[in-house]
Engineer: 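Below: one structure in structure tokens.
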Amino acid sequence: MSNKIHDPVYYGDYLQLNKLLDSQHPKSKEINNEAHDETLFIIVHQVYELWFKQIIHELKSITTMFSGTTVEERDLTTVVARLERITKIQGLLVDQLSVMETMTPMDFLEFRDLLVPASGFQSVQFREIEVLMGLRTHKRKEVDRDFFLGRLSEEDKKRILEIEKSPSLLELAEGWLERIPFTKNPKFDFWAEYETQVEKILDADEKIIHENQATLDSRSMAIQIENLNSTRETFASLLNDEKHNQLIKLGRRTLSRKATLNALFILLYRDEPILHLPYKFLTALMDIDELFTTWRYRHAIMAQRMLGTKIGTGGSSGHQYLKMAAENNRVYLDLFNLSTFLIPRSMLPTLPEDIRRNLGFHFNE
Ligand code: HEM
């Protein structure tokens, strides 16, 4: 074994500060008309890119842990901890926009035209995060599909297309959910019991509508019955393979029915200690989606404040485009929509003892 003591580490060398702090070169300075706020603009973007790098580091380690045929309990604890770390970083990313907004639109105009055609569209790390999470090019709305890759260099485009070849966190989580054996039992059909409970709840709702006949005119009554029937249809679409797959084809659902049902089971029985970690995993995915969307809206509003209705430097309609991208690019929306199918604890089917005993973390086929 070598006893060689390594050279003393020097703070600036370790952090490569020479490189890092020599990476701010305002375009306005190059034309001898330095705009004071361009330095802020550069540094804010660079800090974002550094945090994006950290998020990618976390996401890659998570997808690696999920890539096997089983996910160990210890790994799931680490996965949840890392997803929660990402949400803390996202909190900073949202807050940081207010630092950007200390620059006024007039100050931005001092150097904005010098940046054309560079744009956030070309943040390859942002695209990488989207793809690792589960947004796929072919699933994007046509209007943002063009912008998604269209503004990247050939090299960056190749990098994104290469990443698209590996399963995303969404796909890996779907596979993991499908392997959960909780509701498999020849003597107990959980979903038949659940359906019976749902029917009881909806029948009780219908009874209430009829009992209110005296206070409702016939039109309001018809509307309420129609709404109730559409709720019945929604539940039916969950419990019927064909209907569920039809919604997937229409792009209104993403997760397979098996994964959807198992995710719902986790949400319904989250109070079982053994389901707590899977529940925290699903919650963390929703938190990430929510914070990503919050950032998108917040950024869209900031763009409106800076540009009004002007187009972006990357050629999009600016604020309008960004608002629509926030609406269209929800990665884990299926998990949010599961709330539709939650029923009160008092109505939950009681699990047979052997199912309770079998609740484990090693989800083999
Ligand atoms: C003065 C500040 C900013 C303005 C006015 C602004 C404006 C815009 C506009 C108009 C777009 C649409 C694309 C285009 O036509 O160019 C865009 C996209 C984007 N911007 Fe910004 N932005 C600003 C700051 C930032 C910062 C600090 C970040 C952090 C990295 C950022 C990241 C992005 C990303 C990732 C996109 C692509 C979004 C998507 O396609 O969904 N922007 N920005």
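Nothing fancy with the numbering, it's 1 onward along the sequence. Counting starts at 1 for both ligands and their atoms, in listed order. Values in this document were obtained by computation on a predicted structure and should not be read as measured data.
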Engineer: At less than 4.0 angstrom from any non-hydrogen atom of Gly318, what atoms of ligand 1 do you find?
Structural biologist: 10 (C)
Engineer: Identify, by atom number and element, the atoms of ligand 1 in contact range of Phe108, meaning under 4.0 Å from any of its heavy atoms.
Structural biologist: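 Those atoms are 1 (C), 5 (C).
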Engineer: Using the ring of each side chain (for Trp, its six-membered ring), is Trp295 parallel, tilted or perpendicular to Phe126, with breaks at 30° and 60°?
Structural biologist: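 Trp295 vs Phe126 ring planes: tilted.
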Engineer: Which one of Leu285, Leu132, Val131, Val331 satisfies the side-chain contact (heavy atoms from CB on, under 4.5 Å) criterion with Leu169?
Structural biologist: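 Output: one option passes, namely Leu285.
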Engineer: Please report the interatomic distance CG(Leu40) to CE(Met100), rounded to the nearest 0.5 Å.
Structural biologist: 4.5 Å
Engineer: If you measure from atom 15 (O) of ligand 1 to every heavy atom of Ser123, Pro105, Ala300, Ser316, which option wins on shortest distance?
Structural biologist: Ser316
Engineer: Contact between Thr78 and Met65 at the side-chain level, heavy atoms closer than 4.5 Å - yes or no?
Structural biologist: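 In contact.
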Engineer: Is there a donor-acceptor pair under 3.5 Å between the side chain of Arg82 and the backbone N or O of Val79?
Structural biologist: no
Engineer: Measuring from non-hydrogen atoms of Gln96 to any atom of ligand 1, is the shortest distance under 4.0 Å?
Structural biologist: no
Engineer: Does the plane of the ring in Phe111 sit parallel, tilted or perpendicular to the ring in Phe108? Use 30° and 60° as the thresholds.
Structural biologist: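 Perpendicular, since the angle between the ring planes exceeds 60°.
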Engineer: Could you tell me, atom by atom, which parts of ligand 1 come under 4.0 Å of a heavy atom of Thr313?
Structural biologist: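 Once the distances to Thr313 are compared, the set is 16 (O).
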Engineer: Is Leu322 touching ligand 1 with its side chain, its backbone, both, or neither, if touching means heavy atoms under 4.0 Å apart?
Structural biologist: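 Leu322 to ligand 1: side-chain contact only, backbone stays beyond 4.0 Å.
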Engineer: Given that the side chain starts at C-beta and the backbone is N, CA, C, O, which of these parts of His299 lies under 4.0 Å from ligand 1, counting heavy atoms, or is it both or neither?
Structural biologist: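 Answer for His299: side chain.
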Engineer: Of the protein's non-hydrogen atoms, which lies at the shortest distance from atom 41 (O) of ligand 1, and what is that distance?
Structural biologist: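 Ranking protein heavy atoms by distance from atom 41 (O) of ligand 1, first comes Arg296 NH1, 3.0 Å.
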Engineer: With heavy atoms only and a cut-off of under 4.0 Å, state how Ile311 meets ligand 1: side chain, backbone, both or neither.
Structural biologist: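 Neither; no heavy atom under 4.0 Å.
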Engineer: Give, for atom NE2 of His299 and atom OG1 of Thr294, the distance between the pair rounded to the nearest 0.5 Å.
Structural biologist: 14.0 Å
Engineer: Would you mind listing which atoms of ligand 1 come within a distance below 4.0 Å of any non-hydrogen atom of Ser119?
Structural biologist: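 Close to Ser119: 13 (C), 14 (C), 16 (O).
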Engineer: Show me which atoms of ligand 1 lie under 4.0 Å from any heavy atom of Gly314.
Structural biologist: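 Answer for ligand 1: 14 (C), 15 (O), 16 (O).
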Engineer: Of the choices Lys310, Met302, Met324, which has the non-hydrogen atom that lies closest to atom 4 (C) of ligand 1?
Structural biologist: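 Checking each option, the heavy atom nearest atom 4 (C) of ligand 1 is found in Met302.
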Engineer: State which residue, out of Ile301, Asn329, Val94, Asn328, fulfils the side-chain contact (heavy atoms from CB on, under 4.5 Å) condition with Arg296.
Structural biologist: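 It is Asn329; the other options fail the test.
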Engineer: Hey, which atoms in ligand 1 end up nearer than 4.0 Å to a heavy atom of Met103?
Structural biologist: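 Reading through ligand 1 atom by atom, the close ones are 1 (C).
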Engineer: Give the residue, atom name and distance (to 0.1 Å) of the protein heavy atom nearest atom 7 (C) of ligand 1.
Structural biologist: Ala303 CB, 3.8 Å
Engineer: Look at atom 40 (O) of ligand 1 and say which protein heavy atom is nearest, naming residue and atom and giving the distance to 0.1 Å.
Structural biologist: Arg127 NH2, 2.9 Å
Engineer: Which heavy atom of the protein is the closest neighbour of atom 13 (C) of ligand 1, given with residue, atom name and distance?
Structural biologist: Phe121 CE1, 3.2 Å
Engineer: Just need the protein heavy atom nearest to atom 32 (C) of ligand 1, so name the residue and atom and give the distance.
Structural biologist: Trp295 CH2, 3.6 Å
Engineer: Any idea which atoms of ligand 1 are less than 4.0 Å away from a heavy-atom of Gly120?
Structural biologist: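 Heavy-atom distances to Gly120 below 4.0 Å select 19 (C), 20 (N), 33 (C), 34 (C), 35 (C), 36 (C), 37 (C).
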Engineer: Would a distance-only check, ignoring hydrogens and angles, find a side-chain to backbone donor-acceptor pair under 3.5 Å from Asp22 to Asn18?
Structural biologist: no
Engineer: Say whether, by atom type as modelled, one donor and one acceptor occur between the side chain of Thr102 and the main chain of Ser98 under 3.5 angstrom.
Structural biologist: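 No.
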Engineer: Identify the residue among Glu38, Glu34, Glu110 that makes a side chain to side chain donor-acceptor pair (under 3.5 Å) with Ser28.
Structural biologist: Glu38
Engineer: Can you see whether Asp107 engages Thr104 through a side-chain donor-acceptor pair at a distance of less than 3.5 angstrom?
Structural biologist: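 On atom types as modelled, these side chains qualify, holding a pair under 3.5 Å.
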Engineer: Distance under 4.0 Å to a non-hydrogen atom of Phe41: what atoms of ligand 1 satisfy this?
Structural biologist: 1 (C), 2 (C)
Engineer: How close does the nearest protein non-hydrogen atom get to atom 25 (C) of ligand 1, and which residue and atom is it?
Structural biologist: His45 NE2, 3.3 Å
